[in-house]
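Remarks on the structure that follows.
Read the numbers this way: they start at 1 and go in the same order the structure lists the ligands and their atoms. Residues: numbered from 1 along the sequence shown.
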Amino acid sequence: MTTRTVLVINSGSSSIKYQLVDPDSGASLASGLVERIGEPEGAIKHKHGEDVTELTGPVADHGAGLTEVLRLFDEKGPTLTEANIVAVGHRVVQGGKHFSGPALIDDDVVATIERLVPLGPLHNPAHLKGIEVGRKLLSDVPHVAVFDTAFFQDLPEEAARYALNREVADAYEIRRYGAHGTSHQYVSGVVADMLGRNDLKQVVLHLGNGASASAVVGAHAVETSMGLTPLEGLVMGGRTGDIDPAAVFHLTRVAGKSVDEIDHLFNRESGMKGLAGDNDMRAVWARINAGESQAREAMDIYLHRLVKYVGAYTAVMGGLEALTFTAGIGENDANLRAELCERLAYMGMRIDGEANALHSAEARIISTPESTVTVLVVPTNEELAIARQAMTLVQG
Ligand code: ADP
């Protein structure tokens, strides 16, 4: 089969992350990042194999950024023609109730993503910019939107609906949409393949700067920790995760804070950063090792929340067969994995210390053969998942 590739674009408000992926082999042929778009000093980094090109200088807007990226593909390789690009896959965070899978982008899909801006105010406007310039500059290939929320579209209503007044919830589309769905779907699929089972009861812990848990039965998500927005659920780098919403009333009435100030406090100044002084888990461990009691307490709060979620999801599924760690912390933090599994030992979960300590980019089992739950580390690969989802809608 001749090689074919998908250009995956993750467009942020001032950045464009991209990767050229071979959806068949899973290989990444080139990748890069345009940063600080619209600021006086922007930066572009393009990687092709060992060859890394770094440029600095102003990048006026997303159009200028992507034009420069396409020039780098031409100049530094691989040229997109040689690479046989057959589609562009765009990551879109908020698909609301409209998308339960990838969508071939046309003007109607763009209009729907635009209508969903109030539910994804930080992300969707930036994705729309990437889609607009992408369709202009790469007009001879199909563009596909892949939604972070899609995997959670078929959550049972009892999991997706809050016990909020029905009229208000429906009028304002307040429900649990989830996030990180592309990662949860990809990782749970890898686990099913590794264990040769399509009926597994599994929990996936996506622990990065943002963090979420999902409960997956077979190929279907039945619960997830992020809600209307990515604020709900686990303790994160800078986010509170679960908190009594009355804290908002209290901070408004007693501390005189505005809604925007509380939004910033809950989303950016809380979590590990607000508890331990650092949102990077490596720095938190350094503080713990230096004897900082607040850092240790923060780690305990983080672990306690995870124990609650794994326990609750096990109850929801009526059992647990596989527990998988992924993303920056999940893939790299052997200490945290060991401490969590120690707290879950009551389930009969047993970790193989050596396998857990191994540094590897490979998906692997880290539990012992006696463990009642198979524990795994599976590196997530959202770009590959987006490329593969895009291919399901594209002939090429
Ligand atoms: P996101 O995509 O949400 O920004 P990532 O999945 O890239 O996040 O994870 C980033 C986080 O991973 C960092 O903030 C850091 O806490 C954590 N991390 C990365 N490497 C390690 C490591 N070796 N040990 C512990 N934590 C790590």
Problem set entry | Arg337 and Asp333 ion-paired at < 4.0 Å | no
Are any of the N/O atoms on [X], whether in the backbone or the side chain, positioned under 3.5 angstrom from an N/O atom of ligand 1?
{"X": "Ala327", "value": "no"}
{"X": "Met281", "value": "yes"}
{"X": "His206", "value": "no"}

Exercise. Tell me, do His127 and Asn10 make a side-chain contact under 4.5 Å, heavy atoms counted?
Worked result: yes
Problem set entry | Protein heavy-atom partner closest to atom 6 (O) of ligand 1 - residue, atom, separation in Å | Gly328 N, 2.9 Å
Exercise. So between Asn335, Asp278, Asp280, Asn209, whose heavy atom ends up nearest atom 15 (C) of ligand 1?
Worked result: Asp280
Pull out every atom of ligand 1 sitting under 4.0 Å from any heavy atom of [X], numbered as shown with elements.
{"X": "Ile329", "value": "12 (O), 16 (O), 17 (C)"}
{"X": "Gly210", "value": "3 (O)"}
{"X": "Asp333", "value": "25 (C)"}

Exercise. Under 3.5 Å, side chain of Thr224 to main-chain N/O of Ala213, donor-acceptor pair present?
Worked result: yes
Exercise. Is the side chain of Ser371 donor-acceptor paired with the backbone N or O of Thr368 at a distance under 3.5 Å, no angle test?
Worked result: no
Exercise. Does some non-hydrogen atom of the protein lie less than 4.0 angstrom from atom 2 (O) of ligand 1?
Worked result: no
Problem set entry | Phe325: ring pair (Phe, Tyr, Trp, His ring centres under 6.0 Å) partners, not counting sequence neighbours | none
